[in-house]
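A short worksheet on the structure shown next.
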Amino acid sequence: MTANPALPAAVSPTSTDGATLHRPVIDWFDAHARDLPWRRPEAGAWGVMVSEFMLQQTPVSRVLPVYEQWLARWPRPADLAAEPPGEAVRAWGRLGYPRRALRLHGAAAAIRERHGGDVPTDHAQLLALPGVGEYTAAAVASFAYGQRHAVLDTNVRRVFARAIAGTQYPPNATTAAERKLARTLLPDDEHTAARWAAATMELGALVCTARTPACVRCPIVAHCAWQGAGAPEHEGPPRRGQTYAGTDRQVRGKLLAVLREAITPVAQASLDQVWDEPVQRARALDGLVADGLVEPLAGGYYRLPLT
DNA sequence: GATCCGTGGCG
DNA sequence: TCGCCAAGGAT
């Protein structure tokens with residue numbers, strides 16, 4: 001990694017190092033961490049994994065009720081794997097991105113087949129599961145099994161961007177420099193590293209928030225490069241806004257909402273009512289079928305997938 | 001690396 | 001009101 005002339009003092013050894021931050025951040029976490037169900041010991045690795053799938057791009061408040069119902073119905077991976085994938089899609093409700101439900105079902109099946117029904121402890125084996133990427137593999141290994149991994153989600157990236165790099169926001173896509181920084185800042189001790197991972201995420205979620213950070217409540221504000229620089233506004237191109245109205249995603253959502261509520265197969269004519277434009281409507285439905293979220297039947301009927 | 005993939009709350 | 005944002009992953 002080459003020195004960035006735009007960030008002189010921010011990354012210099014005179015500002016701070018990881019060890020300086022560990023204690024105040026972890027102490028703050030011990031005092032202020034939310035009591036979330038997937039953080040309780042009884043959640044187990046499966047509970048942690050379910051929560052991580054649901055929390056991908058979805059706020060905690062909306063995940064909570066679905067998570068409780070999900071774990072009550074499918075307390076082990078094999079319980080979910082025994083059901084049709086469409087049941088996972090139905091139980092997913094309105095969490096959004098329903099392909100996650102399909103992947104979670106697929107992960108449960110893989111856990112049953114390849115790991116004897118137990119969520120694997122090995123990072124590489126976690127990463128090989130459907131729907132498990134770099135972040136989720138590290139999160140499950142760290143939160144469920146107490147291992148030492150750099151857990152780099154949007155919260156942690158924002159905390160590091162401000163505290164270390166001195167910028168308001170991290171880059172749009174995760175960079176090699178960010179990964180290296182996260183590894184450098186990771187405490188040596190395994191248990192402490194796992195606490196650090198959870199603590200930095202929580203700090204980003206509760207204090208170092210995207211819109212209006214509560215710096216007066218920040219345990220490391222005295223070490224924060226961004227605050228030290230006067231909290232400069234983000235420069236450069238705007239961070240990609242995601243339009244939704246009128247997109248295929250909206251149409252897919254409307255189609256799938258009908259199918260989730262239906263116990264019996266749904267006729268084409270019923271699906272046609274959710275969107276006027278026929279070309280886009282057909283494209284959206286084809287996409288759902290291609291993704292395995294919808295199963296086409298003879299005679300123009302559709303349902304959530306049984307296989 | 002850019003794009004696609006849902007949904008809803010909030011300032 | 002409406003753009004922004006929320007514990008990403010797959011292609």
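Per chain, numbering begins at 1; letters A, B, ... match sequence-line order. In what follows, every heavy atom counts, from backbone to side chain, and hydrogens, waters and symmetry copies are set aside.
Side-chain N/O atoms of Thr136(A) include one lying less than 4.0 angstrom from OP1 or OP2 on dG9(C). Listed pair Arg99(A) / dG6(B) fails the phosphate criterion, with no side-chain N or O lying under 4.0 Å from OP1 or OP2. Taking only side-chain nitrogens and oxygens, Gln56(A) never comes nearer than 4.0 Å to OP1 or OP2 of dA7(C). The side chain of Tyr244(A) contributes an N or O atom lying less than 4.0 Å from OP1 or OP2 of dT7(B).
You won't find any donor-acceptor pair under 3.5 Å spanning the side chain of Arg211(A) and the base of dC5(C), going by distance alone. For dG8(C), the base has no donor-acceptor partner in the side chain of Thr154(A) [N/O atoms by modelled type, under 3.5 angstrom].
Residue Met201(A) has its side chain nearest to dA7(C) when only dG8(C), dT7(B), dA7(C) are considered. Among the nucleotides dT7(B), dG6(B), dG9(C), the one closest to any side-chain atom of Arg94(A) is dT7(B). Of the candidates dA7(C), dC5(B), dG6(B), dG6(B) carries the atom nearest the Arg62(A) side chain, counting heavy atoms from C-beta on.
Counting only heavy atoms from C-beta outward, the side chains of Arg103(A) and Val132(A) never approach each other to under 4.5 Å.
Few gaps surround CZ on Arg73(A); more than 12 heavy atoms of other groups in view lie less than 6.0 Å from it.
Side-chain atoms of Gln280(A) and Trp275(A) include a donor-acceptor pair closer than 3.5 Å. The closest side-chain donor-acceptor pair between Gln268(A) and Tyr302(A) falls under 3.5 angstrom.
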